[in-house]
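Hydrogens, waters and symmetry mates are skipped; everything else that's a heavy atom, side chains included, is used. Treat the numbers as computed from the prediction; the structure is a model and nothing was measured. In what follows, chains are A, B, ... by sequence order, proteins preceding strands, each numbered from 1.
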Amino acid sequence: MRIAIATTGAGRVVFLDPERGERREVPAADAAAEIRRLEAEHAPRWVWRDTREWAPRLLASGVRVARAHDLRLCGAILAASTAVPAPPAGVAHDRPDWLPPGPAEAGAGVVPAPVASVDRGPALFDLDPIRAAPTHESESAEALVDEHDRQLALVAGSERPAALRLLLAAESAGALIAAELHEAGLPWRRVVHERVLEAALGPRPGVGRKPERMEALAVRIRAALDAPELRVDSQSDLLRALRAAGIGVDSTAKWELHEHEHPAMEPLLEYKRLARLLTANGWAWLDEWVAGDRFRADYVAGGTATGRWATAGGGALQLPKAIRAAVAADPGWTLVVADAAQLEPRVLAALARDGAMAEAGRGRDMYRAIVDAGVVATREEAKLALLGAMYGSTTGDSGRLVPQLARAYPRAMALVDRAARDGEAGRRVTTLLGRSSPLPPASWHEIQAAASQPDATAAVERRARSAARDWGRFTRNFVVQGTAAEWALCWLAGVRTRLTAIRGADTPAAASGGVFDRAPHLVYFLHDELIVHSPVEHADAAADAVRDAAAEAGRLLFGDAPVEFPLELAVTADYSSA
DNA sequence: CGGCGCGGCGCC
DNA sequence: AAAGGGCGCCGCGCCG
């Protein structure tokens, strides 16, 4: 059963059940209650234009829904997918104008993202002034149903309907989960974070001042470089000062600084480490992003070309290991921290149906198994070789090891090589479930065209080959990273579904309150890793849910293919000890 | 003054 | 020795 919902210009919300021919309008202020009622009664798939317009306010009103179809995200997938080569007769291939572009479709803006409704507004469905004057079709529940039908027809007429159906369901579930992660927040102990900062940087400085540890290091750096006026934060000043001191560096990158013996190096590297901590996750970050012992990130589901998520502030996907001790469970609660070990190489083995590589992926440590199979000499080499194969390394240690890997695992290598060749030729490549890569930009095609002219200079040809290879490395990685993202989305969605079944009436309330106050729930997702915040007495059940969902994700994507996706899983009070 | 590209670096 | 995918964010420095 499906129900489409849309807001009208008159501050009302329309509910349309096209199969039963039921159409209902309620005042916006009553919408959450109506959705709660229909959810309890029918558990429909909610069809809406954009999950970001609905889920945050529903959650704030204490309402969760199980399933949705996000027309914006699904429309973006279908628009690009090579599995949808030609729509069936009578079905339009193009999305309607009113449907906003997907988050990863840079520059495709037809309709700007609905900024006003993305804002975490008041808990109830107040009449939103920005949306009070809607454009015709975009606010019509009938138009949503038509668009949903169009998308379903594209799926049904595609080369891989089952795969696309799974992908669209997973993508839509991801959008719901992104909103729920924000609502729940990641448990964050401000005092722990402050302890980390003070241990590294010294006491919090006044506004406009540097932490004293950094000031002291800057004094030492200036002395060592004999540059009393040096502003250490200025990359260009620093590079000049280093060269004036006779240090032959071409950049101020730390890997390059590591190459040189000089009294300035130790304080300089330490300064850079502290500067990074201060600017990325210092006191200002705490003030901006942590409130009520919760870090509320803005996740962008489907935010990257490969289907991985992005974030739009707070840097939730780059939490440095140094501050993860601040991620700690509430009293009476615990964290279930799980990550899929070596996900991408396992996905590659399954995707390519490479029996030998799948065999190496049977155990917990795939890299070790590759060494044991005699392919390379050390675990570190196995890792470098695999990364090199997936990323397209041609030089250095990694590139040197790739041929050995190719001999042992020809099918896996052939899959990524094929993806690279497709990209170099300007073709799309496609993941297991049907997400396709974008086409290269017009400038890329122009370079290729220029190089194919009879009078093309060697420089132009070189530039074109380089651009082609760059795009080939992107598409080479796309199939693996994108399919791994699909596995992770299925895992995440499976965890969510299972967790909603776990709850206990006498569970202590978490500090967050609201819809998650007594049940284990997801609080973090990072590509191949997730965290569940769980009442202690439900931790075992939550851990089982996480494991079961991983096994199910493997079956959903790869059926009975002989590949395993083992988890590293810890039930722990804080993230740093996972 | 704000916008933007870039170097640098954190995460996967 | 410093390569090779996907991101976001910061400060700097340049530009209009």
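Of the listed nucleotides (B/dG8, B/dC12, B/dG10), B/dC12 has the atom at the smallest distance from the side chain of A/Arg324. Closest to the side chain of A/Thr252, out of B/dG8, C/dC10, C/dG5, is B/dG8. Side chain of A/Thr311, nearest nucleotide from C/dA3, C/dG5, C/dG8: C/dG8. Between B/dG10, B/dC11, C/dA2, one nucleotide has an atom nearer to the side chain of A/Lys254 than all others, and that is B/dG10. Checking C/dG13, B/dC11, C/dG5 against the side-chain heavy atoms of A/Leu526 singles out B/dC11 as nearest. Among the nucleotides B/dC12, C/dG4, C/dG6, the one closest to any side-chain atom of A/Ser398 is C/dG4.
Here A/Gln235 lies in heavy-atom contact (under 4.0 Å) with sugar-phosphate atoms only. Within 4.0 Å of A/Ala485, counting heavy atoms only, lies no atom of the nucleic acid at all. Note on A/Arg231: only backbone sugar-phosphate atoms sit closer than 4.0 angstrom, heavy atoms only; bases stay farther off.
In this model, a side-chain donor or acceptor of A/Arg276 finds a partner on the base of B/dC9 within 3.5 Å. With hydrogens and angles left out, the side chain of A/Glu259 and the base of C/dA2 share a donor-acceptor pair within 3.5 Å.
Rounded to whole angstrom, the span from the CZ atom of A/Phe474 across to the C1' atom of C/dC7 amounts to 12 Å. Atom CD of A/Glu568 and atom P of B/dC12 are 13 Å apart (whole Å). The distance between atom CG of A/Leu386 and atom P of C/dG4, rounded to the nearest whole Å, is 18 Å. In this structure, CZ of A/Arg308 is placed 5 Å from C1' of C/dG6, rounded to the nearest angstrom. Rounded to whole Å, the distance from CG on A/Asp233 to P on B/dG7 is 18 Å. Distance, A/Glu288 CD to C/dC10 C1': 12 Å, rounded to whole Å.
In this structure, A/Glu424 does not pair ionically with A/Arg421, as no charged nitrogen and carboxylate oxygen lie closer than 4.0 Å. Here A/Asp233 does not pair with A/Arg231 in a salt bridge; the nearest charged N to carboxylate O distance is not below 4.0 Å.
Applying the 4.0 Å criterion to OP1 and OP2 of C/dG11, one finds that A/Lys272 has every side-chain N and O outside that range. Between A/Ser251 and the phosphate of B/dG8, there is a side-chain N or O to OP1/OP2 separation shorter than 4.0 Å. For A/Gln318, no side-chain nitrogen or oxygen approaches OP1 or OP2 of C/dC9 to under 4.0 Å.
For the pair A/Arg476 (side chain) and A/Tyr391 (backbone), a donor-acceptor distance under 3.5 Å is absent. Looking only at distances, a side-chain donor or acceptor of A/Arg213 sits under 3.5 Å from a matching main-chain atom of A/Ala200.
B/dC12 and C/dG4: their C1' atoms are spaced 15 Å apart (whole Å).
A donor-acceptor contact closer than 3.5 angstrom links the side chains of A/Asp365 and A/Gln342.
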